[in-house]
Each structure stands twice: as C-alpha cells, then as structure tokens.
Protein chains: 2
Amino acid sequence: MATIKDVANHAGVSVATVSRVINDTGYVHENTRQKVDEAIRQLNYSPNEVARSLFKRKSKLIGLLLPDITNPYFPELARGVEDRMQESSYRLIFGNSDEDEHKERDYIQTFVQNNVVGVISSTNDPNADTYMKLKIPVVFLDRTSNDMPSVYADGREGGRIAAQQILARGSRNVTIQQGPKHVRPAQDRYQGALEILEQSGTPYQVVQTSSFSYEQAGVSAKELFQKYPDTDGVIASNDIAAVAVLHEALRLGRQVPDELQIIGFDDIPLSSLVYPTLSTIHQPAYEMGREAAGLLIEIMENGYALHNNIQMPVSFIQRDTTRKVD
Amino acid sequence: MATIKDVANHAGVSVATVSRVINDTGYVHENTRQKVDEAIRQLNYSPNEVARSLFKRKSKLIGLLLPDITNPYFPELARGVEDRMQESSYRLIFGNSDEDEHKERDYIQTFVQNNVVGVISSTNDPNADTYMKLKIPVVFLDRTSNDMPSVYADGREGGRIAAQQILARGSRNVTIQQGPKHVRPAQDRYQGALEILEQSGTPYQVVQTSSFSYEQAGVSAKELFQKYPDTDGVIASNDIAAVAVLHEALRLGRQVPDELQIIGFDDIPLSSLVYPTLSTIHQPAYEMGREAAGLLIEIMENGYALHNNIQMPVSFIQRDTTRKVD
DNA sequence: TTGTAGGCGTTATCAA
DNA sequence: TTGATAACGCCTACAA
C-alpha cells in the first residue's frame, strides 16, 4: 500500500502538503494541489486509518453489541444502525453478547482498545460499571436507562394496547406471558398489559417465559395450555413465543381466532408469514436502529444531544390471530 | 487510558520491559515481571490495539461482508463466523453490501484502511478486481470461486435431491423457480433440479425470480400460479420464495401437500414455523460460517490451507409441504 | 504557500 | 536481564 510519503515523493512535495490536500486544511496552491491529486490517483493512495486513529486518538469505528443476531428481531435493528452509520462513514465492529456479562465486558474492552468513538448496546444492565466508566459515548438500543442516552419502544403502551385489543375482541380469560425477568422491555410490556387487565376486572393469569429462544418458546407454549386449557386469549411475550403458542394451539385443535386469540410483540418479518398470520404489536425496529445511530452521531459530534431519550411509538397490527372488529 | 509508558513509570522499569512481559517475549526477571503485572493491574492497563496494528502492519480485525443481514439466511452465517473468530480473539468489522458493487468496493477499501488481516465475503463476483488485487487473504462464503478459498453448500446436489424427492412423492407437473441469475448458488440448485427433471422425462416448467426479497417473492408466487395453474409441485428458489408460494397456494384453495407439493431451500428457522411446516433442503449455515472463519484463520496463520474449497453437504428435510413416503 | 520535526502507543533491535 | 531508540503512517505546530 502506498503511504503519504510515497505520494509526497511522487508529487515532489512534502508530506505536510499532501496531508493538507487530503484533509483540505490550511493553504495549498492550486497547482500543487493538482500535482498531489494526480499522484494520489496514480498510486491509488488512500490514507491509513490506523495511523490516523493513533494520532487523533479516535477512529471512524463504532462498536455494536447485540444479544444475538440470530434472533429475528435484531437484524432489523442492526441494519438500521448500519445504514445510518454508513451515511456518515462510520464503520461497525460487531459482536453478539448472548446476554453474557463476561462476553459483554470483553467486547467493550476490545472496542476501546480499537479506539472506537462510540458504542451502541442492547444490554440488560445499562448501569453496569462497564458502561458507567466508559469515556466514550454510549447509546442503549431497545433498552432503557434514565441517565444514559437510549432509544426504545414504548413497551408499556404496547402492553396496554395488546390487552385493550384482546379484550375489545372478546377474550374473557386471558393469559399473559411475563417474559424474561431480566429483560426490561419484556417487563414493561407485561406491566402495561397487567394494568389494563386489572382495570377491566376480567379474569386473567400469568405464566413465565424464561428466554426468547425457539426451543424455550415451544416448551412454554405447552406448559401454558397444560396449566390453563380454558384460556381464550394469549398475550405473548414476543412474536417467537406467540408463534409457538399458535402452533401448540393448532396442534390441540383449538380454533384461532374464534376460540382463542393470540397477540404477539415485535412484528418481526415472520409474523406475516406464519399461518394464520399473527396479530401483533409493531415495534419500528429498523427506525430504532437508525435513531440510535443518529443519536450517537449527534453526541459524538456535538458533545451532547437535544433529546437523550427517544421513545418510539408502537402500534397494533391486526392480522388473523385476532377477530375482526371494525 | 493508561499507556505502556504509565505502566513503565509506575513499575519503575522501561517500556521495553513492559512490552516484554505483556507479550511474553525475551527475558525478564521474575521479580520485575511481578512488579509490572502489579502496575498493569493497578492502572487497569490494556494495550492499545491501534498502536500495535500500526507497528505490526496487521490487526486482530477481520472484515465480514454479507449481502443483507436482514435476510434470514445470513444471521446464521454471521453467527458462525463470529463464534469461530471470537474463539481466536479476532473481531469483526461488518457491512451489508446489498449486492451493490460500489458499496462492496467501499467496504473492502475501508477494511484495508483499517489493516484487517482477512476478509470473508458473500459476493456475487468473486473474480472482481476488488478481490483479485487484495493482498490479504479472502474466503468466499456461500459463494464459489475456483482459484480462491471458499466455503459453500453443494447446491447442485441440493437441486437434484429436491427434484428427486418431489418426483418420488408423485408430482407430475413440476415448476422450478430459477432464482436470481447473478447469484451462483441459486443457479447451481436450478441446474441440479433441471438435470433430474430432464432425465425423468416428466413435464416441467421454469419461472424466474429476480430477487430474494419478501415482496418480490409474493409477486413471483402470484405469477407462478397465473401462468401454471395446474402445477402440482414447486421447487422454490429458497425458503422465502417457498413460503410465498405456500401462502398463495393456500389463498387459492389448493390442498398442500395433497394437490400441490412445495420444497424450499436453505432451511431457515422460519421453515419449521410456518403452517404447514415447510419441506426443504437444509444448508448447514451456521457451520458454513464457522468453516469459513476456520479456513481464513488457517490461511492467515500458516500462509496456506490444506483444503481451500470446502463443500458442505445438504440434506432433505421432510416436513408438511410434501407427502409422506416411508 | 510550503517544509521540518515531534509525537500518537507499540514493538523490535541493539547495546549495555 | 534491562534500557534507549528507531520505526510504523499520519497530523499539526512552527518556522521559513
């Protein structure tokens, strides 16, 4: 690879001059600028980001930490982040944390070792030392933290909507899946649904789901119907769980949505591809990713942001696991 | 952040000595080693990878370029790569190419600018200059190139199996989706299926699908049934396309699998979650990712690999869009 | 308008 | 066994 020195030699100028033209900083005569540009072209030179990063103590790299890209909710987020970052010519160092504190710390550490200028993370513990001590800006994505910048959906409202809709459509014996206790957004949804159900005075029951994996979802679905065979409405903890419930219901011969309604959460692409298609609460995942990236960029470039906590709206998507009502 | 100099001062030794202990290179007295370790611990020092990278002209970073992480096939691949890389403490700079030559070149360039030591790419054009001229090792993933290292599934065989199975299960008027012309693995499958169909002498027809997006898949599915309403077996270009065909068939009131059989390709998680569940050709995506990472590591560390072209086996997964035959 | 030189944090060479 | 020091490629005073 050609270095700035090569370019300087080739153009018959000093490295300082070359640096000036590539960074468009300070004075440089039009003629010499052209000579330099020509040399750059001929040598196919492009600056070494590593050297730059070392000198400036900052790179064009940002760290992105997601629980598991294999979970269909996260690719959308990731893509939103990437698209926005790429527009401002930042690049992503990417890692899966598996919600494992240790792996998370590990990644954060190598992020800083590589001079990343910011990080976006979906962690379960935004208040962990790992983040509090960081000297570079962090934005939490799909997670909430009071004192730190974050972008998240209005989970509580989502839970409320789910409960309202399922009630409005006639379910009278609702089962709510609580979702993993350590995942904040899951608990928000749960609380929101609870709130409405309590108010309404209709009977309901709660079941736990401990993780968001496919296998776990299947197990939880079976348990649900064993414990509460008479339930006529399920507010699932997310779409994966909802699909598992749906399949178990079909297997048991329950009529969906006539005997049993199901509402999911997230609106992952899968939701409109299952049969019957899944009614769910839509989270604007791609936009959330973009917003998080935008927020981080704002903070990185201005030192602060106008709005540090961005809550995104959710909405009910009526499909075929709930009854029609117009 | 503490630097090696801080550590040296703190421990009362020279930076050279500190460097020796952190890299475990050259002689260093047990006592001084302990002093240094202690200083490192106290200052919470960890080496600046950027400075290292500058000096050594190589980093612990590798570039990963995928068409679109939002397409459900790729997260598995990415995860496989990440897991293997992480075991050898490499980190990933990740980008979506959107199969756009320009974006691809852009990414590759910044990879190089950041001193990545290797790249893994799912490109449609492995022979492009961009790759041929690269001075660092490249492994193509889910793509084939004769002269360059690559990891891919046996698409041709997959196509054959799909055709054999659908024939063996009684379809007599098969429609094959050809898949995007510029995507090599799609064409391999197509050729494989064609081969068997030709041999068998049963009537068949071919339809085009131009992209792998959800929307396109829906459109193609509609077209398929408009043109060939009598088809009794579809070999789809991938699982997304297959699901679209499945839904269109259901919408048209076709009995699946009794009147119409469908076979997909990829075996993405979705396949077992649709209803009826999708029979498909399984590609070991996660393992392919791991293999690609392993191959790249081998090349990076030894300068060459024993086997540069790794072809992974595919298999038929019988689910509910094909008739049982035992 | 241009060039010289020092320094960013490491590692490796060489001498002590 | 240890320490000074040059070098990796770049940028920015400062001097000319």
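Every chain is numbered from 1, with letters handed out A, B, ... down the list of sequences.
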Which whole-number value in Å describes the distance from [X] [atom1] to [N] [atom2]?
| X | N | atom1 | atom2 | result |
| --- | --- | --- | --- | --- |
| A/N115 | D/dC11 | CG | C1' | 15 Å |
| A/R33 | C/dT2 | CZ | P | 9 Å |
| B/R57 | C/dT10 | CZ | P | 19 Å |
| A/K60 | D/dC11 | NZ | P | 13 Å |
| A/K5 | D/dC8 | NZ | C1' | 10 Å |
| B/N48 | D/dC8 | CG | C1' | 13 Å |
| A/D24 | D/dC11 | CG | P | 13 Å |
| B/N114 | D/dG9 | CG | P | 15 Å |

Between [X] and [N], does any side-chain N or O lie under 4.0 Å from OP1 or OP2?
| X | N | answer |
| --- | --- | --- |
| B/Y27 | D/dG3 | no |
| A/R20 | D/dC11 | no |
| B/N23 | C/dT11 | yes |
| B/R52 | D/dC8 | no |
| B/T17 | D/dT1 | no |
| B/S14 | D/dG3 | yes |

Report task. Return the minimal non-hydrogen interatomic distance between B/V151 and B/L295, and the atom names on each side. Result ->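 Shortest heavy-atom contact: CG2-CD2, 4.0 Å.
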Between [X] and [Y], is any pair of side-chain heavy atoms under 4.5 Å apart?
| X | Y | value |
| --- | --- | --- |
| A/Y152 | A/N309 | yes |
| A/F111 | A/L61 | no |
| A/K135 | B/M1 | yes |

Among the nucleotides [options], which one has an atom lying closest to any side-chain atom of [X]?
| X | options | answer |
| --- | --- | --- |
| A/H29 | C/dT2, C/dT11, D/dA13 | C/dT2 |
| A/L54 | C/dG7, D/dC8, C/dG9 | C/dG9 |
| A/A51 | D/dT12, D/dC10, D/dT2 | D/dC10 |
| B/T3 | D/dT12, C/dT11, C/dT10 | C/dT10 |
| B/V13 | C/dT11, D/dG3, D/dT12 | D/dG3 |
| B/P47 | D/dC11, C/dT10, D/dG3 | C/dT10 |
| B/I4 | C/dG3, C/dC8, C/dT11 | C/dT11 |

Query raised in the report: Toward the 5' end of DNA chain D, which comes first, B/V28 or A/S19, by nearest nucleotide?
Result: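 First, find each residue's nearest nucleotide; the 5'-ward one identifies B/V28.
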Query raised in the report: Once the angle between the rings of B/F94 and A/F94 is folded into 0 to 90°, is it parallel (under 30°), tilted (30 to 60°) or perpendicular (over 60°)?
Result: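 Because their plane-to-plane angle lies in the 30° to 60° range, the rings of B/F94 and A/F94 count as tilted.
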Query - Touch class at under 4.0 angstrom, heavy-atom based, for A/T32 against every strand present - result: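 Sugar-phosphate, backbone atoms only, no base.
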Requested in this report: State whether B/E76 and B/R290 are salt-bridged, where the test is any N-O pair (Lys NZ or Arg NE/NH1/NH2 against Asp/Glu carboxylate O) under 4.0 Å.
Outcome: no
